[in-house]
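In what follows, chains are A, B, ... by sequence order, proteins preceding strands, each numbered from 1.
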Amino acid sequence: MTQSPQTTPISPEPPPRRSWAGRSRLQSAQEFVVPPLIFVCALITVLTTVGIVFVLGLETVRFFRVAGIGLFEFLGGATLNPKADPPRYGILPLLWGTFVIAFGSSLIALPIGLLSAIFLSEYAPRGLRAVLKPALELLAGIPTIVYGYLALLLVTPVLKAVLEPAIRVEFYNALSACIVVGVMIIPMVSSLSEDVLSAVPRGLREAAYGLGATKFEVATRVVLPAGLSGVLASFLLAISRAVGETMAVLLAAGVKPQIVLNPLRSVETMTAYIVNVMKGEAAVGSAEHLSLYAVGMALFAITLAMNIVSGIILKHFREEYE
Amino acid sequence: MSLDQQPIVSRNPSPAAPPAPGADAVLVARDLSVWYGSTQALRGVSIAIPRNRITALIGPSGCGKSTLLRCFNRMNDLIPGFRMEGQLGFDGDPVAGPEVDPVTLRRRVGMVFQKPNPFPKTVYHNVAWGARINGYTGDLDELVERSLRRAALWDEVKDKLNRSGLDLSGGQQQRLCIARTLAVEPEVILMDEPCSALDPISTARVEDLMEDLKAEYTIVIVTHNMQQARRVSDMTACLMLDEARGNGHRPGVLAEFSPTDVLFTTPKDPRTEAYITGRIG
């Protein structure tokens with residue numbers, strides 16, 4: 001290698017001292033100004049959450065006072081009909097509707113999502129994975145209202161064409177909502193699970209192959225167990241997304257609060273009820289109007305609990321192979 | 001195709017010594033060349049690893065020691081872009097080729113890795129795992145105890161069999177990985193720098209263990225530590241970087257393969273001499 005011309009030739013003089021300007025005033029100020037600034041930003045999100053919970057709680061209490069019912073009647077009531085005389089505010093039909101949609105869409109999304117995650121992380125060649133993963137994530141970018149009218153204009157007509165006249169399919173039905181919500185949350189499961197499975201150290205895979213394991217054994221008996229808690233957390237996040245889903249469910253499953261086992265009939269979820277009341281004619285301050293806060297509070301409690309549980313599971317996962 | 005009965009004829013310009021007299025060859029490579037994509041990692045390596053001996057692979061970084069080791073159990077198949085030419089034999093059977101099932105091969109040619117990599121499972125299940133997937137029908141408890149004893153780990157973990165393998169110290173984890181390998185009853189154990197992540201005391205224990213295991217197993221160890229090669233091995237292969245070719249990349253070649261005491265006292269190849277005396281590498 002030839003010496004570059006920049007290199008100082010060896011000379012009796014000491015090399016020139018480099019100059020150090022030190023930090024500017026602005027740079028020093030960063031140390032004092034930035035922390036409070038970002039603390040305020042963090043505070044805003046916390047305060048927002050606190051504010052929402054506070055308002056929800058306040059209005060929920062007001063609802064119970066105005067409607068003149070107790071907590072037990074609300075949580076245990078099997079009839080929801082604000083227009084009846086006397087009005088009935090049982091939340092069970094809404095819980096049932098929400099449960100049906102969450103359960104049904106999970107039946108679709110969890111297996112498909114997990115299997116595609118395993119395929120992407122263990123089986124797919126690198127090139128295919130580079131195409132497939134973003135494509136799958138594209139599903140998550142489709143507005144939920146689009147899923148809603150897909151259910152109405154595509155899924156339900158197909159269900160009718162296949163099942164009728166043997167089995168009657170209502171125009172608004174839980175099954176088509178389950179199908180579209182299931183498809184909608186597949187990327188949550190597949191993408192998060194794939195991240196978790198890919199993060200399982202290569203050394204563990206090599207160890208298993210070195211013992212004479214097949215690809216399937218490596219995937220199912222080393223990689224999946226090592227990433228299991230992360231996979232479970234992705235399940236819970238997907239389910240809580242299904243619980244909170246509004247527009248697609250409102251369009252597909254309708255607004256009929258009833259406890260029915262037949263998935264081809266209409267149900268109403270908590271979210272759909274909230275929308276329905278808000279666009280309805282209930283006077284502000286009336287029991288019917290206030291009931292949406294109580295339902296919202298219940299919904300908040302459910303999704304919060306699920307997020308906390310998935311957070312605990314994820315934390316457990318992080319400690320597993322470190 | 002029978003490989004082990006025939007004399008090894010090296011087309012390699014550098015001399016590769018025949019295996020030690022009286023020992024038959026278990027693993028044989030003949031004129032082996034390996035590429036990762038367009039980069040050649042090994043060129044024309046011919047070597048015959050003798051049975052029930054410890055063979056050390058030494059040489060400077062990037063000379064293809066690990067690549068050679070991982071050819072013997074087809075571990076390189078997992079690396080995208082891997083390609084090889086030449087012949088590889090294990091106990092007279094071919095190692096490479098579409099007709100060979102790498103899964104069966106890997107059970108018979110076990111491997112211990114550079115970084116201890118126990119499964120995130122209990123000590124017991126770490127050892128039992130390989131036996132289970134390979135359909136072991138005997139007494140698993142007995143197998144686990146025997147393997148852990150064989151790996152000189154039983155006394156330290158017999159009360160912790162239900163604790164995670166990751167709770168053990170680094171040296172214990174590496175012996176757990178050795179026990180796990182022993183549990184599937186391989187014939188050969190390939191060790192890829194098994195002590196590079198361990199402290200000197202743990203290293204000494206693993207080295208003692210290798211000495212014990214040699215009666216039943218053939219061991220091939222890659223090491224950066226020439227003192228270790230000298231301490232533990234019967235035969236030593238010294239790999240070197242070849243002269244630069246057109247694209248400037250230098251593949252690894254086998255410079256010399258001799259009994260360890262010969263290689264370290266009277267090396268025949270000037271490059272080996274330069275390496276073991278610390279002038280290159």
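- Of the listed residues Glu217(A), Arg126(A), Arg205(A), Glu206(A), the one with more heavy-atom pairs under 4.5 angstrom with chain B than any other is Glu206(A).
- Counted within 6.0 Å of CZ on Arg83(B), heavy atoms from surrounding residues, nucleotides or ligands total more than 12; the atom is thus considered enclosed.
- Shown here for Leu204(A) and Pro120(B), the closest heavy-atom pair between the two residues is CD1-CD, 3.6 Å.
- The shortest heavy-atom contact between Lys121(B) and Arg221(A) is NZ-O, 3.0 Å.
- Shortest non-hydrogen contact noted between Ala208(A) and Trp129(B) is CB-CH2, 3.6 Å.
- Annotation: maximal heavy-atom pairing with chain B below 4.5 Å, among Gly212(A), Pro125(A), Gly203(A), occurs at Gly212(A).
- Residue Phe216(A) places its CZ atom among 12 or fewer non-hydrogen atoms of other residues, nucleotides or ligands, all under 6.0 Å distant.
- Only the backbone of Pro118(B) comes within less than 4.5 Å of a heavy atom of chain A; no side-chain atom from C-beta onward does.
- Interface remark: Val184(B) contributes side-chain atoms only to the contact with chain A (heavy atom separation under 4.5 Å).
- With a threshold of 4.5 angstrom between heavy atoms, Arg180(B) approaches chain A through its backbone and through its side chain.
- The neighbour count for Tyr36(B) OH, taken as heavy atoms of other residues, nucleotides or ligands under 6.0 Å away, is above 12.
- Most heavy-atom pairs under 4.5 Å with chain A: of the set Val109(B), Asn134(B), Thr104(B), Asp101(B), this distinction falls to Asn134(B).
- Phe119(B) touches chain A through backbone and side chain together, each having a heavy atom under 4.5 Å away.
- For chain A, the nearby parts of Ile133(B) are the backbone and the side chain; heavy atoms of each come within less than 4.5 Å.
- Counting non-hydrogen atoms of neighbouring residues, nucleotides and ligands closer than 6.0 angstrom, the CD atom of Glu31(A) reaches no more than 12 such neighbours.
- With values rounded to the nearest 0.5 angstrom, Arg202(A) atom CZ is found 12.5 Å from Lys115(B) atom NZ.
- The candidate from Arg132(B), Arg106(B), Met75(B), Arg74(B) with the greatest count of non-hydrogen atom pairs under 4.5 Å with chain A is Arg106(B).
- Side-chain contact between Tyr209(A) and Asn73(B): absent, with no pair of heavy atoms (C-beta onward) separated by less than 4.5 Å.
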